[in-house]
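Read the structure below first, then the notes.
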Amino acid sequence: MPLTIALLCVPALLGTSLLALVVRRSPQGYRAVYGISLAVSLLGLFAALSQLLAGAEPSHTVLPLGLPWLGAHLRIDALAAWFLLIANLGGAAASLFALGYGAHEPAPQRVLPFYPAFLAGMTLVVLADDAFTFLLSWECMSLASWALVMAHHRERDNRHAGYVYLVMASFGTLTLLLAFGLLAGAQGGYAFETIRAAPPAPLFASLVLILALLGAGSKAGLVPLHVWLPLAHPAAPSHVSALMSGVMTKVAIYGFVRIVFDLAGAPAWWWSMLVLALAGVTTVMGVLYALMQSDLKRLLAYSTVENVGIVYLGLGLALAFKAQGMAWAAALAMTAALLHGLNHCVFKSLLFFGAGAVLHAAGERDMERLGGLIHRMPQTAFAFLVGCVAISALPPLNGFVSEWLTFQAVLLSPELQSWGLKLLVPGAGALLALSAALAAACFVRAFGVTFLGRARSPAAERAHETDRFSRAAMFACAAICLVVGILPGLFIDALAPAVAQLVGDRMPVQTVAGWQTIVPIVEGRSSYNGLLVFVFMTAAASLTAYAIHRVASDRVRRGPAWDCGFPDPSPATQYSATSFAQPIRRVFGTVVFRARERVEMPPPGSPAPARLSVSLQDLVWDGLYAPVAAGVGRAADRLNHLQFLTIRRYLSLVFVALVALLLVLAIWP
Amino acid sequence: MALIFDLAVQGVQMLLVLALAPLLTGFVRKVKARLTRRRGPSLIQPYRDLVRLLRKEVVLAENASWLFRVVPYVVFAATWVAAALVPTFAAGLIFSWSADLIAIIALLGSARFALALAGLDVGTSFGGIGSSREVMIASLAEPAMLMIVFTLALIAGSTQLSTIATFMATGDVGLRVSLGLALIALIMVAIAENARIPVDNPATHLELTMVHEAMVLEYSGRHLALIELSASLKLLLYLSLIGCVFAPFALAGPEAGLSAYALGAALYVLKLAAGGFLLAVFETSIAKMRVFRVPEFLGAALMLGLLGTLLLFVSRGL
Amino acid sequence: MSVAGIDAVSAILLIPAAAAAVLALLPDYRTGSRINVGAALLTLAAALSLFWNRPPVGRYLLVDDLNIVFIVLTTFVGFTTSVFSASYIAHELKTGRLTPTYLRFYHAMYQVLMFAMNLALVANNIGLMWVAIELATLTTVLMVGIYRTHEALEAAWKYFILGSVGIALALFGTILVYMAARPTVGEGLDAMVWTHLVARAAGFDPALLNLAFVFLLLGYGTKVGLAPLHAWLPDAHAEGPTPISAVLSGLLLNVALYALLRFKMLLAANPAALSPGPLMVILGLVSLVFASFMLYRRRDIKRMFAYSSIEHMGVITFAFGMGGPLANFAGLLHMTMHSLTKSAIFFAVGHIAQIKGTQKIADIGGLTETHPVLGWGLVLGVIAIAGLPPLGIFMSEFLVVSSTFAREPLLAIPLVFGLLVGFGALLLRLGGLAFGEPRGATGVAEASYGPMFAHLALVLCAGVYLPGPVVAWFQNVARLLG
Amino acid sequence: MDKFSFDVAHMLAGSLVLVSFVQLYQDRIYALLNVFALHAFVLALSVAWQAYVHDAPHLYVTALIALGFKAVVIPVVLHRIVQRLGIHREIETVVGIGPTMLAGMGLVALSMVVMLRATPEADPLAREDLAFALSVVLLGLLLMVTRRNAVSQVVGFMSLENGLMLAAAGAKGMPLVVEISVAFSILIAFIVIGIFLFRIRERFDTVDVRALDRFRGERG
């Protein structure tokens, strides 16, 4: 039943795409499209929940589509249902947001037809149960999102973003294709059941892991395959950015989990090392990149890279534990990873919505030209703040819960046998800790520079609060952040079947522990109670406030800022996004980005201004992508001479080919 | 009945930390003054300051938003809750399982997050300096602290502070290199977190060196009082933490009687006094370092923590 | 029944031949284009009737499972292209690039080309097949040079010379096959009848067969456009009238490939001969990788898509070279999809070039803005040709790549590399053509979108759903190909 | 087949290869044309002999075409063209004569090797003939790729085609040989006319094929 409902969503969404083609230019057309998308997403959400909460058996169906002799295999199990939940939750939120935000879209005809198709693609990836359907919907998802990235195609950067994006997506698809080729074997057993029944030989399985890491990792944004992500995500309209960051990366993670945990058979001990190493680098690099950005949406995109790293860290740990036969520990790590997937979906959507609202209100994404928006858009500011707290992994919100679980999983790693892992896992743990702290710094900066202080440009001064649909979407996300943060046990239990399916064990039942405490292993070892922490903090804060206001003083006087006695009226004297990041840039950036500061001080007496210029290098781009691009360019240039030969030379080519083949014949045994 | 008793003990703990925190701050100041041959303010001067501040009106910058007014309460609440969860005189309090050591660190992180935002709210350059330096310091101090937590958790098999303290009190631990490293790292982190010399100077308004004070420059009245109190609480928290982990003497157990509690409380005060004294001695004997040497200082702490963890990972396998 | 069957085969040869004669005599170009469309439609109908009435195997003509795929495809694309050609040519006349006399010639030649291709496909005699392919080549040479510009003449000349050498090599190969077959099959016509040959190939002299295949591979490979024998192809596509580019890419390359496949089957039937697979695999890979890199520096839109045809011919040759049911199926599917897609692209490109008055990529931009239908049609076509779902080429690339990697992982690496490089180039150019600030003239398109969208719709449908009979039939052919 | 007829056929085919070598050696265009006439003449003889030996009268037609068209008409026409174009001075060879000859040797050896791998029970005459024909084809191609001048290239193509004819004639009982020879003659006529047309109508400065490439759309 849930499968049928979920499957119905797909044609419904595709139908909406067609509808969008019809209404694309009518002024209210967007409401119809996003309204239907919202309804369908809610339906999909219902399907996912009913599968998860009922703990239903996996159901399976075959449609006469796709590869002809195979058909389109579709299946919903607990894992699929969990990601279906994420996809449709994100989809519903984005649709709700777009009900308001869509009105500001300058080129609706370039957004509306692709938006439902994008949702449909993501839904279908999760449901696919054979390699062809999987890759088909995977690539449709990329394609639809590419079209959305190209919505504002007149800007050169967006076109570049779209290009890099689609090439990387294609790279990912091709590597996944290779992986499936190995899994399916020469006979072409592309159905997942067939693959499950006959897992590949260990060597092939290892190759599959590497390919899956490349393929799904490039979609998810693992460093160094992430380069497209910070270009493409910000280029799309904000609700689409939210979907891309919040949902599509999760769908990519789903692909990785499905292939590596479900299809590739028993993991080898060293697989996790690869995953953990990449994940550790990704978390820290992602957040450091984010700290260096002054474009709000790009900052959010880089922070997505970081969070994907955190999820992969959990997955890597799960892989390590699974390989060592410690299913109970693997269950903890897997739960952490999957829960973080949901959490990131929610708060990143929220943050992108906020960024969209800001972009619309102030017409500006550059934080250096924003500021003081908390006065003009208080509700957006509040919701955005909730998102910032959540993503910074601070209690009592949801981000903390999943990171806490990940830490707990890291703490189980001394039980691992392998020496390599013994050394690697603490390092990964340290990187995770570092990234958590840096993320907090990053979002203090994001919120502080954008919403606090004084407006840095006239546009920011004229900003206004956003519409009610947008606010509703943001507050809904914020509410979910809080709910998951204070009642994580419910979600961990809902996840349990998916985890059990993947690693063969589940975390202890959480809801039996009193007061909604979550207990990863046993109570004496570690526990956390978001509800109590939340209640304590709220009670303490409000009681204190009440007491002080009643007993001591509640008088307030407004006056000019003190600022050590030297307040400067110009908003330019505030700390900017760049200056805020300066200490961290000095500490980390000199190594990671080759950050250099150059000061040009005019000689005494000269009226010329002093200048400070900062240069950053993207070592991943410069070291990996630029050489590849240059190499392709050089090869193309070299080969291009072949377009300008004389007929005689072309004949010589034919001649040489002939002689070569004859030589082959001559020496053929 | 037992529940009520447990709740009462928990309540006592909460009030105790609140009551002792300014005293500890006053004590440290007093000792420092004495060490520099001044008489210094009286021990209860911090209480007086707090009361005076609470009674005064708040002068808000024209540009301050609602966030600016909420932050002091949030900071105070987070710090207070965190401090209440650290075993002071007794382990295994009724709510101790609601947050483990990682959560306590994260609670302090929440407080700092809020404070850093407040520093940016008015839009002054000093606030920005403070916030930006504060998050830089935190970005190293927090992972270092987590590494210390890892070390402790691996030794005790738990991240639950009560469990750790109980375990440490049993004496099964013996002498461990990791623990030593963790202790040194913890002290370094504590110094940084509490804005003490050599990382920061809580008593200066000299622009080039300010970190914490720059952030709270715009606060006045009751808001400032709360922030000062939170700072004191935080100092107390760290000393309690060091005390309960590395000197878990006479910590009352979960089902202990009143006498055990009393003994625990008495020893707790002694531990605090000793800690405060050592801090004061340390602070007077060392010079403030440049802001951009702080990362090296904290990086060292991080490395020590990581080293401790690694040693444990490796020795487990032997 | 057999009578009707023979009629159908004769019809697909006679209708174009008769139409060519009529068109050569008819002065009015409007009627001419109508007759052209009508004749193509009739031929298509005759080809379709082959499904129900399959004639018995003759000494000259043969209709079997393999070539019926090609026949139907050829007549279908021939028909749609004639529809496109009608609107295209009218515009050419208006701008004065062609005169009515040339149009007469053009229409007649179009039907001769159709005749030649159909003949090549239904021929059961390797000599006849050779003659038909050469006829088709010469016809297209004339069509390529029809604009009489320096560039067109130069392209036609290049095509002519290289094609002639290819013709000669193929003939030598054909003679060698005859020589190999003579001792076993006996002298005379029988030793050139393909069905006889393949039935008794096991007794042929393997060394002669090998040698023959080398010559045939190079001779017909020149027509397929395999690197390094491809040189005529880009220029011929770029300088000829666009309908001819569409037919060249969509059909003639296939016909030549079909001839290669026939000989491959012959070789496969002789266990002692060298296996033709590796040679085709290598040539296919070389073409793929080479053409992919060549795509990057193209400044002419039609030449770029011509290189993309080389790329895809490489993939198809590779797939057939790999052999096995999956790869052969993929090869057939890829060939069909490529024909449909590439001709659709050329339909779009033809109108675009007419509107903009140029074929220079740099002078064309922002099409989705100025000409949404054409622009998005082009986007869809390029996406299809780049192998993205849900369009048909994705399915065939999926099968080729995955089955290759399971069997010969090392071969899959250059395959994937070439595909990716080509993808990057196509996308790069698409970004400039379809998006960005509009560049170039923005006149109204007088286009017939029917053929283009008919092709794209078929490709889209095939990417998601292939009807059962088509599949069974493809599978049967794939089995035949071994 | 008796020994004598075999030897004659062998001798004629061998002479054709020899004449091909002579062609390679020429660096004057008129001399090249004359040698080509000889080439065509030898081919005609060879085909006629095959017709006689195999008792295939239709091959006489092929022989006649070779004799009339290729040994007489084409060389004369090409003479005219060369005169008109004023390119009778020299043949611009790409590589020196020496290396070309060496390469030619290699090609002949190669064609022998690949052809003699065929099982000996296949018709020996046909086998030898084919080996020589393959050599002629390869030498013709070599001539095409080592000359810059379009006329010499045409000559190369025609000698290549002569090799084909030799093979076709040697293939006993092969149908369509006459038709093919006619078709090729037309093809060659097209090529020759093409050169002529380009010269007259399109005002190419030279028939050096390099000149044609100046008009490619892609450069610049």
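Letters A, B, ... are given to chains in the order of the sequence lines, protein chains preceding strands, and every chain is numbered from 1.
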Using heavy-atom distances under 4.5 Å, tell me whether [X] contacts chain B through its side chain, its backbone, both, or neither.
{"X": "A/L385", "value": "side chain"}
{"X": "A/V410", "value": "both"}
{"X": "A/C388", "value": "both"}
{"X": "A/I584", "value": "both"}
{"X": "A/Y528", "value": "both"}
{"X": "A/T573", "value": "backbone"}
{"X": "A/V587", "value": "side chain"}
{"X": "A/V533", "value": "side chain"}
{"X": "A/S579", "value": "backbone"}

Donor-acceptor pair, distance only, cut-off 3.5 Å: does the side chain of [X] make one with the backbone of [Y]?
{"X": "B/S178", "Y": "B/G308", "value": "yes"}
{"X": "B/R55", "Y": "A/S553", "value": "no"}
{"X": "A/Q574", "Y": "A/R454", "value": "yes"}
{"X": "A/Q417", "Y": "A/Q324", "value": "no"}
{"X": "B/N63", "Y": "A/G453", "value": "yes"}
{"X": "A/S392", "Y": "A/L394", "value": "no"}
{"X": "A/R456", "Y": "A/V449", "value": "yes"}

Top of [options] for chain A proximity - count of heavy-atom pairs under 4.5 angstrom:
{"options": "B/V51, B/L161, B/V74, B/D121", "result": "B/D121"}
{"options": "B/L226, B/V149, B/V58", "result": "B/V58"}
{"options": "B/A61, B/A225, B/G127, B/S220", "result": "B/A61"}
{"options": "B/I164, B/L107, B/V294", "result": "B/L107"}
{"options": "B/S125, B/S110, B/A77", "result": "B/S110"}
{"options": "B/I102, B/V81, B/L306, B/L85", "result": "B/I102"}

With no hydrogens and no angle check, do the side chains of B/D100 and A/Q408 hold a donor and an acceptor under 3.5 Å apart?
->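 Looking only at side-chain atoms, A/Q408 and B/D100 do form a donor-acceptor pair, the distance falling under 3.5 Å.
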
Tell me yes or no: between the side chains of A/T517 and A/N529, is some donor less than 3.5 Å from an acceptor?
->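 Per modelled atom types, A/T517 and A/N529 side chains form a pair under 3.5 Å.
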
With a 4.0 Å cut-off on N to O distance, would you call [X] and [Y] a salt bridge?
{"X": "B/E142", "Y": "B/R112", "value": "yes"}
{"X": "B/E62", "Y": "A/R558", "value": "no"}
{"X": "A/E597", "Y": "A/R586", "value": "yes"}

Given a strict heavy-atom distance threshold of 4.5 Å, which part of [X] is in contact with chain A: side chain, backbone, both, or neither?
{"X": "B/A103", "value": "both"}
{"X": "B/L146", "value": "side chain"}
{"X": "B/S131", "value": "both"}
{"X": "B/R69", "value": "side chain"}
{"X": "B/L117", "value": "both"}
{"X": "B/T163", "value": "side chain"}
{"X": "B/F76", "value": "side chain"}
{"X": "B/I137", "value": "neither"}
{"X": "B/V59", "value": "both"}
{"X": "B/T309", "value": "side chain"}
{"X": "B/A64", "value": "both"}

Taking it one step at a time, do A/F443 and A/F447 satisfy ring pair (Phe, Tyr, Trp, His ring centres under 6.0 Å)?
-> CA-CA 6 Å; A/F443 282 92; A/F447 185 82; over 10 Å; no

How many angstroms lie between atom CG of B/L310 and atom NZ of A/K422, to the nearest 0.5 angstrom?
->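 Separation between the atoms: 11.0 Å.
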
Do other residues, nucleotides or ligands put more than 12 heavy atoms under 6.0 Å from A/F382 CZ?
->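 No.
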
Picking from [options], which has the most non-hydrogen pairs under 4.5 angstrom with chain B?
{"options": "A/S526, A/P583, A/S435", "result": "A/P583"}
{"options": "A/P426, A/A441, A/G448, A/A541", "result": "A/P426"}
{"options": "A/A440, A/A540, A/S413, A/A552", "result": "A/S413"}

Go through the steps for B/Q160 and A/S527 under the test side chain to side chain donor-acceptor pair (under 3.5 Å), then give the verdict.
-> CA-CA 7 Å; B/Q160 216 57 353; A/S527 58; 3.0 Å; yes

Give the ring-plane orientation class for B/H223 versus B/Y219, where under 30° counts as parallel, over 60° as perpendicular and anything between as tilted.
->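 Judged by the thresholds at 30° and 60°, the geometry between B/H223 and B/Y219 is perpendicular.
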
